[in-house]
Protein chains: 2
Amino acid sequence: MSGPTVRDVAQVAQVSLATVDRVLNNRGGVSAKVVDRVKAAVAQTGYVRNLAAANLSRRRIYRFCFVVPSGDTGFVALLHAALAQEQQRLMEEQVLVQIVPTKAFDVEDQVAALRDLDCDAVAVMANEAPEINEQIAALKTSGIRVLSLVADLPSSGRDAYVGPDNVMAGRTAAEFMGRFTANRGTILMIAGSLAARDHSERLLGFRMVMQERYGGCTLLPAGQGADDAERVERIVLDAAKAQPLAGIYAIGAGNRGLVRAIGTLDPKPVTIVHELTPTSREALRTGTFDLVIDQDIRAGVIAAVRIMRDLTEATTPPADAGRIKLNIYSRENIQ
Amino acid sequence: MSGPTVRDVAQVAQVSLATVDRVLNNRGGVSAKVVDRVKAAVAQTGYVRNLAAANLSRRRIYRFCFVVPSGDTGFVALLHAALAQEQQRLMEEQVLVQIVPTKAFDVEDQVAALRDLDCDAVAVMANEAPEINEQIAALKTSGIRVLSLVADLPSSGRDAYVGPDNVMAGRTAAEFMGRFTANRGTILMIAGSLAARDHSERLLGFRMVMQERYGGCTLLPAGQGADDAERVERIVLDAAKAQPLAGIYAIGAGNRGLVRAIGTLDPKPVTIVHELTPTSREALRTGTFDLVIDQDIRAGVIAAVRIMRDLTEATTPPADAGRIKLNIYSRENIQ
DNA sequence: TTGTACGCGTTATCAT
DNA sequence: ATGATAACGCGTACAA
């Protein structure tokens, strides 16, 4: 009833369990002739290794860290929630995840967090800075696998990146901005910080498509809101004073300030933002925001853990395993 | 190094392993006093059950069936591909899935497929018909758990539904249709069959939002394309002869015919379709289609298996476990 | 009501 | 180079 086991393979190949194990996990020390015999037996019996038994036997515990900005609102709050939600399931699968909160935008703090890390692999969401890159290189030297989360750190030598294609995110925002504004009027773009790779990439993609296909719109220079509600609000109000705004593309956080500012504008600009948080969800519902481009951070966490497991097992993860889909939400498909 | 085990709990609680097991899986037959002692011990030691060991020990093999329409194009092809792709991973987790192909729209064939089923649970994608409902009831009587896939069968008494909210899907399509057409012009809607619940629900949702907010558009009576490319093409061409089309909402399959028809139209109508297939993907890229509303069928398959496992284990699955997200694709975020 | 002992399929440690 | 055998943590007959 149950599938074939190593015992069946051993019997067919006329060898012992230990030899089958050596071939299966290619540990070497087996004559070529026997290797072939075992492989043939595997094929013949249709053996597939039982992961549960394997994990049980070697009783390995995976220790993973998530080094992510602290914060109790917006996207990072969702990230922390997703992490918490996965904890239970992960514990049962013998993976221990430790969350190391850092100060957002504080490179020094982030480097410090990365310094004394004791684990098999780490997922890090951080700024793009030379110090960070150095520290990641040091981690890798000490045998810890590293992946970048949400914002890539391509020149750090990280083993993988888990997150969306942020250029694509920006391009998508532009496509809808062009259509919703009927290719007319002035557009305000607000990033958090252009030093954050995800933000600069989104801006890049947005500009590309607006130039390619929606030349009827005028782009203002990009504002930098530092992911801060007050600053975002100020930027919008200042820009709206100079000319009417047909559209706003908010690249980073600080959406509560955006909502406040838009409440004072007439006519209301077409507004496209990122990340489906309680704030943006409510703003969609009331019509303050027109579109939300979301990265499913829960899927991201799951993918990250899976990749970290693969990396520590030295099995190369699937090429697109880290690509998180971009979900587009309008007022009608919020869930 | 490894976490606490049942032995630790047993030792702390001063009972045997069997008693701990009885409490953990509440099988009854344990005095209240001892139950408390064990629970306290669990809390004290921080015990979490090792899933691998549990699955290994009880060596249960789950046998699930997918009764789905056959087909080598469009959405059902994606479904079959998703199923095939999951097979490997599922085998390792001790679940055997058997795919039972049926003739699309052929109720008699679908009933026959459901008749002689030997498994723990079945996921069925079928038409809404009394015979189907009866057969599902019979399955349930014989102890097989049943869930409806993609299109719900609410009056069948199925244990669960895995699929998107199709009313929401239709509403979403309308929201974008209204915006993309700037709330002007004539809209053609094409369903496959109004007897298919998913199609009628989408139509309902679409009509609701168009009436609520986009009254500037005129809706033609819904055509029925039977998910057939030729018929879909004919419907579009006939409608376009009578008046220029500002928009087309294609609810079901047959998108290759839609592409052909649109190629002859000038100006090109705003076109919104369902399911990201090779055809619709290409049409998005070339600008023939403007929006694709997709249900992630791979996520659906994964969710279905998980729910079937829960159902056969008699552990009630999470309330929203079967809700598949609707993903919106424009030419810029195809992946 | 409670406890004992064995088996699940794989890995790892010995010994040969 | 190969084999025998004892864990790993949990579930479950069976015994008491």
Side-chain angles (χ1 to χ4, degrees), chain A residues 1-39 41-42 45-62 91-96 309 312-315, chain B residues 1-39 41-42 45-62 91-96 309 312-315:
Chain A
M1 186 58 73
S2 180
T5 76
V6 273
R7 311 175 95 88
D8 301 316
V9 176
Q11 189 174 4
V12 171
Q14 303 279 26
V15 295
S16 74
L17 295 175
T19 300
V20 173
D21 174 65
R22 289 192 258 267
V23 175
L24 254 34
N25 302 301
N26 33 262
R27 308 187 203 277
V30 181
S31 66
K33 179 181 290 186
V34 174
V35 169
D36 288 342
R37 232 172 45 223
V38 171
K39 287 192 171 169
V42 168
T45 56
Y47 166 83
V48 279
R49 131 225 195 101
N50 182 328
L51 237 191
N55 284 337
L56 173 59
S57 178
R58 85 184 113 175
R59 86 183 137 163
R60 191 175 190 345
I61 286 200
Y62 302 98
M91 286 221 51
E92 291 196 344
E93 292 176 14
Q94 312 303 295
V95 352
L96 238 55
R309 196 167 52 63
T312 57
E313 290 288 8
T315 63
Chain B
M1 186 58 74
S2 180
T5 77
V6 274
R7 311 175 94 87
D8 301 317
V9 176
Q11 188 174 5
V12 170
Q14 302 279 23
V15 294
S16 75
L17 296 172
T19 299
V20 173
D21 175 67
R22 289 183 183 81
V23 175
L24 253 35
N25 303 302
N26 31 261
R27 309 185 203 278
V30 182
S31 67
K33 179 180 290 189
V34 174
V35 169
D36 288 342
R37 234 176 39 226
V38 171
K39 286 191 171 169
V42 168
T45 56
Y47 167 82
V48 279
R49 166 250 268 310
N50 181 328
L51 237 194
N55 284 336
L56 176 60
S57 176
R58 86 181 117 189
R59 94 185 130 156
R60 189 169 185 358
I61 287 202
Y62 302 97
M91 285 219 51
E92 292 196 344
E93 291 176 15
Q94 315 300 299
V95 353
L96 239 55
R309 197 168 52 63
T312 56
E313 289 289 7
T315 62

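Chain letters run A, B, ... following the sequence lines, proteins first and then strands; every chain starts at 1. Quantities reported herein were computed from a predicted structural model and do not represent experimental measurements.
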* **Distance, rounded to the nearest Å, where Gln11(B) contributes CD and dC10(D) contributes P** => 14 Å

* Asked: When the distance from CG of Asn55(A) to C1' of dA12(C) is rounded to whole Å, what number comes out?
  -> 15 Å

* To do: For the pair Asn25(B) (side chain) and Arg27(B) (backbone), establish whether a donor and an acceptor sit closer than 3.5 Å, ignoring hydrogens and angles.
  => no

* Structure fact -> Closest to the side chain of Ser57(A), out of dG9(C), dC10(D), dG3(C), is dG9(C)

* Value in whole Å for how far the P atom of dT1(C) lies from CZ of Arg37(B) -> 15 Å

* Any donor and acceptor pair, going by atom type alone, linking the side chain of Thr312(B) with main-chain N or O of Arg309(B) inside 3.5 Å? -> yes

* Tyr47(B) and Val6(B): side chain to side chain contact (heavy atoms under 4.5 Å, CB included), yes or no, with the steps? -> CA-CA 8 Å; Tyr47(B) 167 82; Val6(B) 274; 3.7 Å; yes

* Asked: Any idea which of dT1(C), dC10(D), dG9(C) is nearest the Asn50(A) side chain?
  -> dG9(C)

* **Residue Ala18(B), side-chain atoms from C-beta onward, closest of dT12(D), dT2(D), dG9(D)** => dT12(D)

* Structure fact -> Comparing Gly29(B) with Ala53(B), nearest DNA chain C nucleotide closer to 5' gives the residue Gly29(B)

* **Minimum-distance nucleotide to Ser16(B) side chain [options: dG9(C), dA12(C), dT2(C)]** => dT2(C)

* Structure fact -> Of the candidates dT2(D), dA12(C), dG11(D), the side chain of Val34(A) sits closest to dT2(D)

* Any donor and acceptor pair, going by atom type alone, linking the side chain of Arg22(A) with main-chain N or O of Gly28(A) inside 3.5 Å? -> no

* Asked: Roughly how many Å is it from CG in Leu51(B) to P in dC8(C), rounded to a whole number?
  -> 20 Å

* Looking at dG3(D), dA7(D), dG9(D), which one has an atom nearest to any side-chain atom of Leu56(A)? -> dG9(D)

* Figure out the CZ/C1' separation between Arg27(B) and dA13(D), and round it to whole Å. => 12 Å

* Asked: Just by modelled atom types, is the Ala53(A) backbone N or O under 3.5 Å from a matching donor or acceptor in the Ser57(A) side chain?
  -> no

* Looking only at side-chain N and O atoms, does Thr19(B) come under 4.0 Å of OP1 or OP2 in dG3(C)? -> yes

* To do: Nearest whole angstrom, please: distance from the P of dT10(C) to the CZ of Arg7(A).
  => 9 Å

* For the pair made of CG in Asn25(B) and P in dT12(D), what is the distance, rounded to whole Å? -> 8 Å

* Using atom CG of Leu17(B) as one end and atom C1' of dT12(D) as the other, report the distance to the nearest whole Å. => 12 Å

* Asked: Using a cut-off of 4.0 Å on non-hydrogen atoms, how would the nucleic acid contact of Arg22(B) be classed: base, sugar-phosphate, or nothing?
  -> base

